[in-house]
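Heads up: the structure comes next, in structure tokens.
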Amino acid sequence: MSTDSPHAADWGDASSAARETTEGTVYTVTGGDWDEVVRSAAKADDERIVVNMGPQHPSTHGVLRLILEIDGETVTEARCGIGYLHTGIEKNLEFRNWTQGTTFVTRMDYLTPFYNEAAYCLGVEKLLGIQDEIPERANIIRVLLMELNRLSSHLVAIATGGMELGATTIMIYGFRDRELILDLYELITGLRMNHAYIRPGGLAQDLPPGAPEAIREFLKTMRKNLPEYDKLATGNPIFKGRMQDVGYLDLAGCMALGATGPVLRSAGLPHDLRKSSPYCGYETYDFEVPTTDTCDSYGRFLIRIEEMRESLKIVEQCLDRLQPGPVMVGDKKIAWPAQLALGPDGLGNSLDHIKKIMGTSMESLIHHFKLVTEGFRVPPGQAYTAVESPKGELGVHVVSDGGTRPFRVHFRDPSFTNLQAMAAMCEGGQVADVIVAVASIDPVMGGVDR
Amino acid sequence: MSGTSPGDKPDGESTGPDAGVNPEADLNAQNLPGQRGEGGEEIRVQRGMFGANNGGDTSGYGGLVRSIRLPGAASRPYGGWFDEVADELEGALEEQGLVPENAIDKTVVDRDELTFHIHREHLVQVARTLRDDPALRFELCTGVSGVHYLHDKGRELHAVYHLRSLTHNRLIRLEVSAPDADPHIPSLVAVYPTNDWHEREAYDFFGLVFDGHPALTRIMMPDDWQGFPQRKDYPLGGIPVEYKGAQIPAPDQRRSYS
């Protein structure tokens, strides 16, 4: 509440204002005044207090609004208010061509951009019927980037989760290691976030020189850094005390609420789309699906740590398999014509290509112009593709009416679905445990609200 | 391109001759804009090009008429495990005293995906059967996606559900349609509680009313928002911007090639 509001004067002390409404007394808490609120709330004979947490709150994982009905320190009812980050991406996609779509979807769950791009592109490729023509090298690089992305997403989950418990060292460690991965993204795609690197048909461009070596260097560093999380947190009695048996959701609850990802695997079911319905050649990689049977926040933390180890294994296998080759389908009606190349000024069109279309080949110029302004047509129909994002099943429902633009794209974001389980995890528990439970779901509001 | 043309399904034999995707498509079909076959279900007839519909025909394409068709009903055999699921579902519905043809409007097989179009009044029963029957066991619903076919009179609004069976490792799609004039579809929250937020989202964006939902309110848009933003007759909005001296129109006002 800003102090220059016309009502501020009526509220008395601006730091903890109380006012009567039709719903009862409303206290506006701005920090440092908890005692005062508790004192005045104790005077009221109504035992039921509804606490509104967020959407601007450092512990709610972004612009998530939690509405908690509390009795003393116990949460009797919990609800989420979402939509504060709704940007209409699905609607916007219907007004751009199929390739431009990647630029939008990468911004949804901004911590897992490569998963958004991959899920969308797999959907478009299924509609086009070109799944089998994606070059081997493009698939390997997709897997490589997705697994690096799993690492960076889990690192943020652990880092912010730790921060919300007050364990700031974990936060510093997590962001330190994530920064190494963002540096790799920047080297490979030119951007730290919002890459639009995976395109329908393949990739925007090939790996730059030196990328495999940089990734190997990172693997070495990460293998050294990963045990630090174990030393710091896994056996830490305070950490365990805060996490164990908090945010409990068993298998029946997970299935009913559609929870997937680490939440489902913490209930003991080794369900992972990379194993059950593989895409991008995941069936050829050697990795395990870690599970725990504790159904709680601590189990989810252990799963994330273990999945990071498995991701390192997969990244290494990707590097070993990389062979020179194309990274885009051969069909020139689909493949982006520009032969993008990373120049000294960042991302750009290859100079050879520009020389060709501007100097020697009129037909190439027409083709380039048509494909870039108009885009390619996708046969009518619908498809559903899903990838195992760090948060769970990221599904995409794409519908085409035969045009150059999507007719409808719907994202089934795992954060959105898993966040529904918040009430089941928190009701009957302590207020302080709400934070732990929400952090163990690891919702990202960009993905929830889209 | 060396494999199948985009118009063909990757698995041609298994889906029957009337699977809906232009069976006569010759090898050059990939060079044609969109589907031109007579098969499938017509959802719209498009006239002209470039989205121009006001003023004179300056493009020269004003007389062009194209029908937009989605893949239509498939006939047996569907191929793979699709037949098994269809048999089990029909058998289970018969056991409950329901004529399968009354519940299942049509079955579409396209791009290796199985879709049951269900009459809306039987949706809950079909979903419950799919979830509970030991041979079907579609335990996980991945939510509902709304689609608005503005020009498909009488069935403008579609609700699309993807059901996943972890037991049998299968994925199917249920599709239900409702007319704009009566946008009611029974809620699946009692069968799949996960659909709570998903149905609120579909209501918020499409105005689909899910009867029996415990609290069908807006979820993304503000509570007092007017209209349903993802319907095709709802404008995208946006304002023209100036770029290097030229006025660039808002995205929904630009030339369209669809």
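Computed from a predicted structure; not experimentally measured.
Atom CG of B:Asp233 has more than 12 heavy atoms from other residues, nucleotides or ligands within 6.0 Å. Atom CH2 of B:Trp81 sits in a crowded spot, with more than 12 heavy atoms from other residues, nucleotides or ligands closer than 6.0 Å.
Neither the backbone nor the side chain of B:Arg170 comes within less than 4.5 Å of any heavy atom of chain A. Heavy-atom distances place the side chain of A:Leu273, and not its backbone, under 4.5 Å from chain B. With a 4.5 Å cut-off on non-hydrogen atoms, B:Val191 does not touch chain A at all. With a 4.5 angstrom heavy-atom cutoff, A:Asn97 does not touch chain B via any of its atoms. Contacts between B:His198 and chain A at a heavy-atom distance below 4.5 Å involve backbone atoms as well as side-chain atoms. In this structure, the portions of B:Pro193 lying under 4.5 Å from any heavy atom of chain A include both its backbone and its side chain. Using a 4.5 Å cut-off between heavy atoms, B:Arg173 touches chain A through its side chain atoms alone. If you measure heavy-atom distances from A:Tyr84 to chain B, you find no contacts under 4.5 Å at all. Proximity to chain A involves both the backbone and the side chain of B:Tyr149, based on heavy atoms less than 4.5 angstrom apart. Residue contact with chain A, scored on non-hydrogen atoms closer than 4.5 Å, is absent for B:Arg218. The parts of A:Phe416 that come within reach of chain B are both its backbone and its side chain, each placing non-hydrogen atoms under 4.5 angstrom from that chain. Of the atoms belonging to B:Ile219, heavy atoms from both backbone and side chain fall under 4.5 Å from chain A. Contact of A:Leu419 with chain B is made through backbone and side chain together, with heavy-atom distances under 4.5 Å. For B:Gln230, the parts sitting under 4.5 Å from any heavy atom of chain A are the backbone and the side chain alike. In this structure, chain A has no heavy atom under 4.5 Å from any part of B:Gln253. For B:Asn169, the part lying near chain A is the side chain, with the backbone staying farther off; criterion is any non-hydrogen pair under 4.5 Å.
Under the 4.5 Å side-chain criterion, counting only non-hydrogen atoms from C-beta, A:Val399 is not in contact with B:His158.
To the nearest 0.5 Å, atoms CZ (B:Arg164) and OG (A:Ser276) are separated by 6.0 Å. Between B:Leu140 atom CG and A:His271 atom NE2 the span is 6.5 Å, to the nearest 0.5 Å. Taking CG of A:Asp413 as the start and CD of B:Glu201 as the end, the distance is 9.5 Å to the nearest 0.5 Å. Distance check, rounded to the nearest 0.5 Å: CE of B:Met221 to CG of A:Asp449 gives 11.5 Å. Here the CD atom belonging to A:Glu94 is positioned 9.0 Å from the CG atom belonging to B:Leu236, to the nearest 0.5 angstrom. Atom OG of B:Ser145 sits about 8.0 Å away from atom CD of A:Gln382, to the nearest 0.5 Å.
A side-chain contact (heavy atoms from CB on, under 4.5 Å) with B:His162 is found for one member of A:His410, A:His397, A:Glu393 and no other, namely A:His397.
Closest approach of B:Thr194 and A:Leu257 over heavy atoms only: OG1-O, 3.0 Å. When all heavy atoms are compared, the tightest approach of B:Leu70 to A:Pro380 is CD2-CB, 3.9 Å. Heavy atoms only, all atoms of each residue included: B:Thr142 and A:Arg412 are closest at O-CG, 3.0 Å. When all heavy atoms of A:Asp401 and B:Ile68 are compared, the closest pair comes out as O-CG2, 3.1 Å. What you find for A:Gly381 and B:Pro71 is that their closest heavy atoms are CA-CD, 3.7 Å. In terms of heavy atoms, A:His86 sits closest to B:Phe205 at CE1-CZ, 3.3 Å.
Of the listed residues A:Phe95, A:Phe376, A:Tyr384, the one with more heavy-atom pairs under 4.5 angstrom with chain B than any other is A:Tyr384. Interface remark: of the candidates A:Arg96, A:Gln420, A:Arg450, A:Gln420 forms the most heavy-atom pairs closer than 4.5 Å to chain B. Counting heavy-atom pairs closer than 4.5 Å to chain A, the top residue among B:Glu139, B:Arg254, B:Lys232 is B:Lys232. Of the listed residues B:Val160, B:Asp204, B:Asp196, the one with more heavy-atom pairs under 4.5 angstrom with chain A than any other is B:Val160. The residue among A:Ala256, A:Ser400, A:Cys254, A:Gly83 with the most heavy atom pairs within less than 4.5 Å of chain B is A:Ala256.
Between the side chain of A:Lys91 and the backbone N or O of B:Pro235 there is no donor-acceptor pair closer than 3.5 Å. With B:Arg111 contributing its side chain and A:Gly129 its backbone, the two residues share no donor-acceptor pair below 3.5 Å.
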